[in-house]
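Everything on this sheet refers to the single structure shown next.
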Amino acid sequence: MNENYLDKINILIKEKKINQAQLELSKFGSEFLKNPEYLYLRGKVFYINKLYYIALDTLLIALEFKEEDKIYNLIVKIYNILGNKELSK
């Protein structure tokens, strides 16, 4: 599975096909646990499913491998939802 496959999963998420995206993400092997795009998509699915703390954990792990604005932006959204205005800055 490659980056094109991750793009397809991102499209599923945008189309609100969250269950299908989650199923496709679950097919990835342990070698993707260090892939920041995989971790971002996984965090995004957790966020959509309102599993905010596990989404944060997943996104913070993604940042260890690659710092990207989209990861930081999703973290900010989650901290705002959780009411932590200090960390949302």
Side-chain angles (χ1 to χ4, degrees):
M1 293 186 208
N2 56 28
E3 293 299 319
N4 291 332
Y5 199 71
L6 291 172
D7 291 337
K8 291 178 184 178
I9 293 172
N10 195 30
I11 291 168
L12 288 172
I13 293 170
K14 287 179 181 179
E15 293 175 349
K16 308 277 190 233
K17 297 178 181 177
I18 305 307
N19 289 335
Q20 189 176 354
Q22 191 168 1
L23 177 65
E24 295 301 321
L25 283 167
S26 70
K27 293 178 182 178
F28 284 86
S30 61
E31 68 274 8
F32 277 84
L33 295 177
K34 293 183 179 182
N35 182 308
E37 185 64 23
Y38 165 81
L39 292 167
Y40 170 74
L41 292 173
R42 182 60 96 185
K44 196 170 183 180
V45 168
F46 290 140
Y47 165 75
I48 292 167
N49 287 327
K50 299 182 180 179
L51 300 169
Y52 301 125
Y53 291 103
I54 194 164
L56 279 173
D57 286 346
T58 304
L59 294 168
L60 291 171
I61 292 169
L63 286 174
E64 290 182 22
F65 301 107
K66 187 174 184 183
E67 293 186 17
E68 290 187 83
D69 286 342
K70 66 182 181 181
I71 298 171
Y72 283 113
N73 292 337
L74 188 51
I75 289 171
V76 166
K77 283 183 185 180
I78 295 169
Y79 279 131
N80 274 324
I81 289 170
L82 295 174
N84 192 331
K85 302 303 178 197
E86 184 67 28
L87 288 175
S88 70
K89 296 176 184 176

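Heavy atoms only: backbone and side chains are in, while hydrogens, waters and symmetry mates are out.
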* **Atom of Ala55, atom of Gly43 and distance for their closest heavy-atom approach** => CB-O, 3.5 Å

* Evaluate side chain to side chain contact (heavy atoms under 4.5 Å, CB included) for Asn49 paired with Gln22, printing each intermediate quantity in order. => CA-CA 10 Å; Asn49 287 327; Gln22 191 168 1; 3.4 Å; yes

* Asked: To the nearest 0.5 Å, how far apart are CD in Glu15 and CD1 in Ile13?
  -> 11.0 Å

* Pair Glu37 + Lys44, salt bridge at N-O below 4.0 Å -> no

* Could you check Phe28 against Leu33 for side chain to side chain contact (heavy atoms under 4.5 Å, CB included), going step by step and ending with a plain yes or no? => CA-CA 9 Å; Phe28 284 86; Leu33 295 177; over 6 Å; no

* **Partner of Leu59 under side chain to side chain contact (heavy atoms under 4.5 Å, CB included), chosen from Ile71, Asn73, Leu39** => Ile71

* To do: Quick one: do Leu82 and Leu56 satisfy side chain to side chain contact (heavy atoms under 4.5 Å, CB included)? Show the steps, please.
  => CA-CA 11 Å; Leu82 295 174; Leu56 279 173; 3.8 Å; yes

* Asked: Can you check whether Ile78 reaches Tyr53 side chain to side chain, under 4.5 Å on heavy atoms?
  -> no

* To do: Flag yes if Leu23 and Leu12 sit in one hydrophobic cluster, no otherwise; membership is Ile, Leu, Val, Met, Phe, Trp, Tyr, and two members link when side-chain heavy atoms are under 4.5 Å apart.
  => no

* To do: For residues 54-69, pull every pair meeting side-chain hydrogen bond (donor to acceptor under 3.5 Å, both in side chains), keeping only residues two or more places apart or in separate chains.
  => Glu67-Tyr72

* Asked: Under the side-chain hydrogen bond (donor to acceptor under 3.5 Å, both in side chains) test, which residues partner Tyr38, sequence neighbours left out?
  -> Arg42

* Asked: Nearest 0.5 Å, what's the CG-CG distance between Leu41 and Asp7?
  -> 8.5 Å

* Asked: Lys70 and Tyr40: which non-hydrogen atoms are nearest, and at how many Å?
  -> O-CE1, 3.6 Å

* Mind checking who shares a hydrophobic cluster with Leu51, ILVMFWY linked at side-chain heavy-atom distances under 4.5 Å? -> Phe46, Ile54

* Which residues satisfy the salt bridge (Lys or Arg N to Asp or Glu O under 4.0 Å) test with Lys34, sequence neighbours excluded? -> none

* Run the side chain to side chain contact (heavy atoms under 4.5 Å, CB included) check on Asn35 and Leu6 step by step: do they pass? -> CA-CA 10 Å; Asn35 182 308; Leu6 291 172; 4.0 Å; yes

